[in-house]
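Side-chain atoms are counted along with the backbone in the values below, which use heavy atoms only and exclude waters and symmetry mates. Remember, predicted model here, so these are calculated numbers, not experimental data. Below, read A as the first sequence line, B as the second, and so on, with proteins coming before strands; counting in each chain starts at 1.
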Amino acid sequence: MNFGDLLAGAPAAIFGIGYQDPTAVGVYCLILLLVFVVMGFRVVVAAVIVGLIGLVELIGFNAAAGSIGQIPYSKSVSFVLGLLPMFILIGFLAFHAGMTRQLFHAAKVWVGWVPGGLAVATVFSAAGFAAVSGASVATAAVFARVAIPEMLENGYNKRLAAGVVAAGGTLASLIPPSAILVIYAIIVEESVGALLLAGFLPGAFSALIYGIIIVVWARFYPDAGPPVGGFSWGERMRALPGLMPILIVIVIIISAVYGGWATPTEAGALGAFVVLLVALSQGMRWAQLRAALMETSKLVVVIFSLIWGVLIFGRFLGFSGLPESFANWILSFDANPYLILFSILMGYVVLGMFLDAIGLLLLTLPVVYPAVMALNGGPDVAAADSAFGLSGPQASIWFGIIVVKMAEVCLVTPPIGLNCFVVHSVRPDIPLSDVFRGIALFFVADVLTIALLIVFPQIITWLPDLMRG
Amino acid sequence: SASPAAAQNVEGPKVFWKLSTWGNPRAFTVGVEHLSERLKEETGGNFDLRIFYGEQLSKSRENLDGLKVNAFEAAMFCNFYHPGKNPALMVMTMPFLPIPDFDTAARVRLGLYEHPILVAEMEQWNAMYFNSSHLPQYEFMGGGEAPIELSQWDGLRVRAGGGIGLAMEKLGAVRQSMPATEVYTAMQRGTIDAASFPHTYAHAAYKIEEVADWYTSNLAPGTADCPIVFNKTAFEALPSQYQDLLMSLRDEVTEAYEAAYAAADEKNLPNFKKNLTEIVYTDAQRAAFEEAAGQTVWSEWVEANQDGFDAQAVLDAVLALAAGDS
Amino acid sequence: MAKLSSALGEVEDWLNIVAAVTIFVVMLGTVISIVTRIVWTPIPGYLDVSELSIAIFAFLGVAYAQRHGAHIRMEMVIGAVPERLRWLVEAIGSLAALALVLLLLRYSWDFFVFAWENGDSTVDYEIPTWPAKLLVPVAFAIWALRLTIESIGWLRLALFGGEPVAVPMPESAEDQARREAQME
Ligand code: NA
Ligand code: NA
């Protein structure tokens, strides 16, 4: 380090490399970032410090600090990001709207008769609640309260009951509204609407796979999840009106994005408004509304800070050209592209042990996304000429859904599996080890789902393709 | 503009310049690519002008701010991205200026860049004009019934920025704003009726012709300006032979743009003509457009800006340059 | 110290309330703007204003979130080391964050000054952007104050031990889960 040069604002004063080898600067800074994150620095702080160090090395202190000072505003104040608070607000309001019980009841009277019926009902009602909740952990928390007692009363295996709730919660991140899909869209500059549409079917598909695997399991171990039957058609019909608000929100979001009568941001606002009306009609108090708003606002500022913090690091990566070099490096392997994709996903499994889902995406995508796109054949490649049989825009969405699904799997795997922790803390009588064991079944389902999404990408691309015409 | 495969002509030190732009390589970036190529040739690789695409160095709307803090040495920007940052250059968005062809447009733009008011405006951002990207005239492309009469623009929902938007409002159209990338879907779904883009190049780039029914070919409601600018500090720090070299390459850059847009027209026009209804307005109709929406918008613009700078002088300069008497 | 912290806390609470109310108002305003657009005509400039309003909820609550220890981080390692070392690492982290936020404050102020002196506006309705840009250094100033208090708090703990004052106690993932579980 050369302090004289550093104080004079000259580039290359830290590592003595500068633009002689910007890629090396990029690699050093990436390592430094990992060190800071592991040390427990707030991710935003770690990302900005390292972004600053890298930029100082490349363009000198004054230019680096000047650029960095502009990014928080210029990256945050962007129309599409107005969607985030709306989606987060929907989720917080939904908790006060009492929708969960009605949903679970409806699912129970309709599908309770199958083997493992209550567990299947939990999956389907969690999928329904996902349509008004943007966050996995919160969804798991509500269902731990609503579904676990009923399952245990009916003699369900503890591990199955806990596992299905923890896993069912992850559906919230695929089925719109989903904060994490919006974040993906922002980072890779993809259409938010297309991603939200794309998440819908894979979310439903995941729920279906969970359902099937429960039924199969319960056939072999009937004591673990006995069916609950004896509901009349009258009861079934009476359960339906409770689903209306959720149906309305789904219709608003899908039809707005698909039909183009409103932007995704507007659809989010409308969805939040509908849920607010439902919550008010269910007797939500001022104190609850205030709490929902304060929580929303706190989470919003946290997510915005992460976004601009990581984008400061991303700006440095842009100056360094590292993403391009990484993509070229990936391309230099003469291996089967599916094998390379598999290795990348394994990398996510490892990182996912330590990082929260949003942090995981934000920190990796600036480097990994261009590489995956290049692996497929570039952003403008035609489906016929591509490695994965997907055009550039299709691949961009396809990878988004897969990587979000990966991040969600990390929410239920040890050592840090937030969804499992949350179930355990609602039901301290179920040991954490039992929750993690209960997850095993659904982990198998998730691996199966991801494999199927890779082999049959149409599940992801079909809806957005319809929209793009 | 075939570049001669010459050996090194200009001696000098190693220089590394970063140019900030957005999007992928396309007709809009042909000029700076040509510049980069020629600099390398003329200096034997010593003057390295690297183009950073895709907003890697700055958001497209913040390129002037990036020059101000010396984050990079050159950039492209568009005047209508931030009217407040370049109020005088907004004169180029005035509707129905008498600019009928590429050569006139080039003369007006390059002449305007030397006007003291515009020079001072860029100096605030530590920037200096080098050249324009010479965007062609805008035309409208739209869906539904073709507005062959002036009165049919009344009530149409149009995407048009700056002075063009104001002009269309005078005709009763409703301005709708959205990012260029959203226009395709919006027109397909019928949430907008028409969109103005640099003709023909940008309509084709956003594939608007796939979802449109008609286009105007001689409305020429106005244009915008997206200049190539240098960081003033960086330029002044260059050895004089490099400064001279840059300026001597200016005409080649202009020619590169002219060729690129002509090539785009050659490719796109047959498609447009085959698949869409072409609207050709008569001279009388155009005169009516200009009267309803041209000069009124000009004088409103002068009035709105006269506190900030001598807007009338800027407008007069444009008109004089267009008439060729300067 | 505790007094100072709680006085600052009140300012932070108020800023977060402003942010929360803004989110609510933008939600209602957007619904109204959709309705007027469908039955009549778009509200001129609504898009521009709602875009600028993002600056309010993107920044004003940033110190509030810091006080609640809400900014995301990885706690696995820091949660496993002996307490004294942990306080020391927390102190280093806070001081680094403080230095950084001061720098961001200084240079986001410049960005505001460019917009204020040279002019900058939204694309369509040419609304000045400087008020929104000014919110960034303002929010960062409060954040810097909060980080100053926290840094002192951690340093005190690391050097002298004793009862934690004016610092967000690190929350294990289990604690975080417990808090989320109780949110309903
Ligand atoms: Na969801
Ligand atoms: Na995990």
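- In terms of heavy-atom pairs under 4.5 angstrom with chain A, the leader among Arg50(B), Glu62(B), Arg61(B) is Glu62(B).
- Between the side chain of Lys59(B) and the backbone N or O of Lys75(A) there is no donor-acceptor pair closer than 3.5 Å.
- In this structure, Phe72(B) places its CZ atom where more than 12 heavy-atom neighbours from other residues, nucleotides or ligands lie under 6.0 Å away.
- When all heavy atoms of Ser67(A) and Ala71(B) are compared, the closest pair comes out as OG-CB, 3.1 Å.
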Kindly determine whether Gln70(A) and Val69(B) satisfy side chain to side chain contact (heavy atoms under 4.5 Å, CB included), including the steps that lead there.
CA-CA 10 Å; Gln70(A) 300 175 359; Val69(B) 299; 3.8 Å; yes
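- By the 6.0 Å contact criterion, CD on Glu11(B) is open, its count of non-hydrogen atoms from other residues, nucleotides or ligands being 12 or less.
- Neither the backbone nor the side chain of Ala186(B) comes within contact range of chain A, judged by heavy atoms closer than 4.5 Å.
- Your options are Gly318(A), Gly193(A), Ala64(A), and the one with the most heavy-atom pairs under 4.5 Å with chain B is Gly318(A).
- Atom-to-atom distance recorded for Ser20(B):OG and Phe319(A):CZ is 7.5 Å, nearest 0.5 angstrom.
- The shortest non-hydrogen separation linking Phe52(B) to Tyr19(A) is CZ-OH, 4.2 Å.
- Atom OH of Tyr53(B) is surrounded by more than 12 heavy atoms from other residues, nucleotides or ligands within 6.0 Å.
- Contact annotation for Lys18(B): only side-chain heavy atoms (C-beta onward) come within less than 4.5 Å of a heavy atom of chain A.
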I'd like to know whether Arg315(A) forms a side chain to side chain contact (heavy atoms under 4.5 Å, CB included) with Gln56(B), so could you lay out the CA-CA distance, the side-chain angles of the two residues, the decisive distance to 0.1 Å, and finally the verdict.
CA-CA 6 Å; Arg315(A) 174 67 53 85; Gln56(B) 284 187 83; over 6 Å; no
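- Under a cut-off of 6.0 angstrom, the local environment of CD in Glu123(B) is crowded, with over 12 non-hydrogen atoms contributed by other residues, nucleotides or ligands.
- Here Ile59(A) contributes atom CD1 and Leu57(B) contributes atom CG; the two are 8.5 Å apart, rounded to the nearest 0.5 Å.
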